[in-house]
Amino acid sequence: MASSSGNWQRIVIKVGTSSLTDESGRIFPPKMWAIARGAQVLGQRKKAKVVLVSSGAGAAGRERLGLKLPLTLPDKQAAAAVGQTLLMLDWSRALAPLPIAQILLSASDIQDRERYVNAKNALEASLQLGAIPIINENDSVATAEIKVGDNDTLSAWTAYLIGADALIILTDVDGLYDSDPRSNPGAKRIDTVSDITEIEAVAGSAGSSRGTGGMVTKLRAARIATEAGIETLVIGGGGAGLEALAEGDLWGTRFLAKAHTPARKAWLTQQASKGSIAIDAGAFKALKTGRSLLPKGIVEIEKSFDFGDAIAVTFERRLVAQGLSNYGSESLRRIMGKHTGEISKILGYKDYDEVIHRDNLVVLEGKKSS
Ligand code: GLU
């Protein structure tokens, strides 16, 4: 049996429909309780924060409304709306006494910069406050054109969004095999994958009829996550598989991460800056020691930018950092040089103490400012 690795601080666990429901599509609580327990055991053992990506809303809603396949789009949307409440009620019971935070995302929440920062901030705040975020796609208002489409991919995006160290995808089959284990009893499990391209041909597209993903979407998710530096594990056994992982046993396949830059930092360095702010020596020192940027340390603002835009941070005309601004340039011009305590008096509101939160900031030092 392969052993698991990793010093993980943030783990995303993707729970598919078939991991949660019985044959009729109804949520089967004992499966969910086992996963809830496994997730908590793993989080405690790794001293990591856990985020869940849970499917099951569509299936639970269809069952509750007595809908038969095939469904029209509005039927699917209604099923998701009804099923999502059932899903969260059950998760809330399964994870009690911990609070859970329902966050429904759609493709634009990751692709659009402003929405990306909003989604990220909501997730960060939920984690800081001790809640377990549970993500699903916002299926009741999403249509095919604007959908992520499957929760394997959504879980990779979520892992990217919160800068996870590991993505764990729970599945019916305990990992990736060199041929289909359902038809070939001699099929062998692949323990570790370092090059996804080589094994993409091995995976079939078949999954169960209740969820959306087969092995193909799991591989796609593994590709997105590992390229962002996030180790990805596709494991079987539901809650027991998670508990085994906490003990160091891997009931599945591990996809090794490609880059070593944390995902959120990698994403940040790829963003084009809309404007720039110059900071004083005190603020520069604070950034270098991992602190956030506050309005007090800003001495100059260049160009015009909005909330959520990537901006450059300069010190003595050198580019020293890049990050996502919590304030637009107009507001920032009014609060620069001021203490955080004065923000609400000056602007009439205060959404953030920090102009750039340290989680949304990457210190670059040494590069020449253009
Ligand atoms: N978001 C869908 C649901 O909750 C599931 C999508 C998937 O199975 O990948 O029903």
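Computation of the quantities below employed the complete heavy-atom set of this structure, encompassing side-chain atoms and omitting hydrogens, waters and symmetry-equivalent molecules. Atoms within each ligand, like the ligands themselves, are counted from 1 in listed order. The first residue in the sequence is number 1, and the count goes up from there.
- Polar contact check, Asn151 against ligand 1: a nitrogen or oxygen pair lies under 3.5 Å apart.
- Atoms of ligand 1 lying under 4.0 Å from at least one heavy atom of Asp150, given by number and element, are 9 (O).
- Note: an N/O pair closer than 3.5 Å links Gly56 and ligand 1 by distance alone.
- For the pair Phe305 and Tyr327, the tightest heavy-atom approach, listed with the atom from each and the gap, is CE1-O, 3.7 Å.
- Linking ILVMFWY side-chain heavy atoms closer than 4.5 Å, directly or via other members, places Leu20 and Met88 in a single hydrophobic cluster.
- Ser183 pairs by the side-chain contact (heavy atoms from CB on, under 4.5 Å) definition with Asp180, not counting sequence neighbours.
- Under the 4.5 Å side-chain heavy-atom criterion for grouping Ile, Leu, Val, Met, Phe, Trp and Tyr, Leu95 is not connected to Val41 through any hydrophobic cluster.
- None of Val12, Val53, Val15, Leu242 except one satisfies the side-chain contact (heavy atoms from CB on, under 4.5 Å) rule with Ile168; the exception is Leu242.
- Salt-bridge annotation for Asp152 and Lys218: present, with a side-chain N of the basic residue lying under 4.0 Å from a carboxylate O of the acidic one.
- Shown in contact with Asn136 at under 4.0 Å from a heavy atom are these atoms of ligand 1, numbered in order with element: 1 (N), 2 (C), 3 (C), 4 (O).
- The shortest N/O to N/O separation between Asp139 and ligand 1 falls below 3.5 Å.
- Close approach to Gly58 involves these atoms of ligand 1, each under 4.0 Å from a residue heavy atom: 3 (C), 4 (O), 10 (O).
- Geometrically, ligand 1 and Ala59 share no nitrogen or oxygen pair separated by less than 3.5 Å.
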